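The structure is given below, and queries will be raised subsequently.
Keep in mind that what you see is a predicted model, and the values were worked out from it rather than measured. Each ligand, and each atom within it, is numbered from 1 in the order the structure gives.
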Amino acid sequence: MILPPHAATAASPWPQVPHGADLARARRLYDAPAAGWLDLSTGINPRPWPAAEAAARLGAAVWRDLPTPDAEVLAAFEAHYGAGAWPVPGSQAVIQALPRVWRRLHGSARCRVLAPGYGEHAARWALEGHAVTLCEGHELGEGEADVRVLASPNNPTGERFDLPQLQALAARCRLLVVDEAFLDAEAAAASLACLALPNTLVLRSLGKFYGLAGLRVGAVLAAPHWLDALRAEMGPWSVNGPGLQLAVAALRDTGWQQDARRWLAAASLQLAGLLEAHGLHPTGSALFCTVRTPRARALHEGLAQRGIWTRLFDLQQPRPYQAMRIGLPADEAGFERLEEALAALRKEIDPCE
Ligand SMILES: Cc1ncc(COP(=O)(O)O)c(C=O)c1O
């Protein structure tokens with residue numbers, strides 16, 4: 001067994017998984033920038049669906065009533081995501097609940113988890129005492145495994161798995177978990193859920209493409225027995241009433257979705273072009289760029305000294321991996337600030353070194 005990164009240590013029995021949006025850490029480590037922090041440490045859409053305006057239009061009952069998803073809510077989720085979608089309080093809630101559900105149903109699991117990836121997957125399976133092996137994409141289908149876990153597009157690498165690859169992986173395990181938290185941003189990309197395989201579980205999120213990470217709403221798409229088990233584990237009313245109503249409105253807002261996809265496609269191209277122009281070669285998704293380089297720490301620190309907060313990855317397993325992930329600036333002023341900082345840094349750091 002390979003221990004996952006940031007899992008329980010002697011110092012703490014609880015997983016210590018680093019995340020973006022940790023501006024408190026930036027404030028602890030660096031002087032306050034005169035222009036304020038430019039937070040590019042997440043892959044969250046910086047131009048979110050307008051939830052505040054929609055929230056002002058919600059009726060009083062939604063704040064008062066217990067929020068059991070009704071037929072209208074479920075129809076909106078299923079129309080957007082495909083059959084069998086259930087609203088959850090962020091895909092994170094399923095990532096935490098699933099290893100507990102598995103243990104209750106089947107005992108110990110042998111899990112192969114894609115890495116580098118969203119660190120919570122490996123940490124949560126390990127926390128529940130399952131045997132976790134971290135592996136790169138080409139190793140995911142190898143060996144004996146009960147559960148295989150991946151994200152597509154993957155965070156932070158941007159790696160993608162097409163439907164035949166996913167089908168082949170599903171055929172080699174009892175449960176294939178596919179985290180599609182970043183998929184909504186890509187109109188042409190197909191969800192594994194469209195194959196309706198009985199042993200797959202798909203996670204979706206309104207946090208990334210819709211820019212509503214604070215709302216804590218996502219969806220799980222799976223066969224009915226998996227949905228039943230997860231519903232039981234998460235208990236009644238797991239998504240709050242305003243969250244459900246706002247999610248329904250966002251999922252139905254196809255005009256906003258089209259405009260957002262267009263803007264994200266252009267902004268991510270602009271970001272990739274800017275990085276390339278400074279000798280950095282990014283991979284990524286429509287919502288972030290990731291630059292893998294041995295100079296990632298120097299770049300991350302140099303940008304932080306200039307008030308730009310990015311996400312640093314410095315991992316050892318399954319292979320050494322140093323990278324900096326950069327989210328999209330919301331506007332031209334943000335792009336210009338990043339451009340100036342990279343130009344200044346280039347004089348100090350050779351990214352190709
Ligand atoms: C790949 C991936 N999956 C899932 C999550 C959890 O997102 P949420 O719980 O907001 O849906 C994240 C958060 O960063 C993520 O990067």
Q. Short list, please: which atoms of ligand 1 are under 4.0 Å from a heavy atom of G90?
A. 9 (O), 11 (O)
Q: State yes or no: are the ring centers of W86 and Y81 separated by less than 6.0 Å?
A: no
Q: Classify the contact between E120 and ligand 1 as side chain, backbone, both or neither, using a heavy-atom distance cut-off of under 4.0 Å.
A: neither
**Q.** Sub-4.0 Å heavy-atom approach of R204 to ligand 1
**A.** no
Q. Pick from E120, H121, E128: which one makes a side chain to side chain donor-acceptor pair (under 3.5 Å) with R124?
A. E120
Q. Would you say the side-chain atoms of Y210 and Q257 include a donor-acceptor pair closer than 3.5 Å?
A. yes
Q.
Testing the basics here: between N45 and A260, what is the closest heavy-atom pair and its distance to 0.1 Å?
A. ND2-CB, 4.4 Å
Q) When you measure from atom 16 (O) of ligand 1 to every protein heavy atom, which one gives the shortest distance, and what is it? A) N155 ND2, 2.7 Å
Q | Pairwise side-chain contact, S268 with L328, heavy-atom cut-off 4.5 Å (strictly under) | A | yes
Q: Please determine if E340 and R306 form a salt bridge, counting it only when a charged side-chain N lies under 4.0 Å from a carboxylate O.
A: no
Q: Just go through K208, H19, Q92 and tell me whose heavy atom is the nearest to atom 13 (C) of ligand 1.
A: K208
Q. Quick check: does D179 get an N/O under 3.5 Å from an N/O on ligand 1?
A. yes
Q. Taking only heavy atoms of A181, which atoms of ligand 1 are found under 4.0 Å from at least one of them?
A. 2 (C), 3 (N), 4 (C)
Q) Quick one: does S91 get an N or O within less than 3.5 Å of an N or O on ligand 1? A) yes
Q. If you measure from the Lys or Arg side-chain nitrogens to the Asp or Glu carboxylate oxygens, is any gap between K208 and D184 under 4.0 Å?
A. no
Q. Of all the atoms in ligand 1, which lie at a distance below 4.0 Å from a heavy atom belonging to R216?
A. 8 (P), 9 (O), 10 (O)
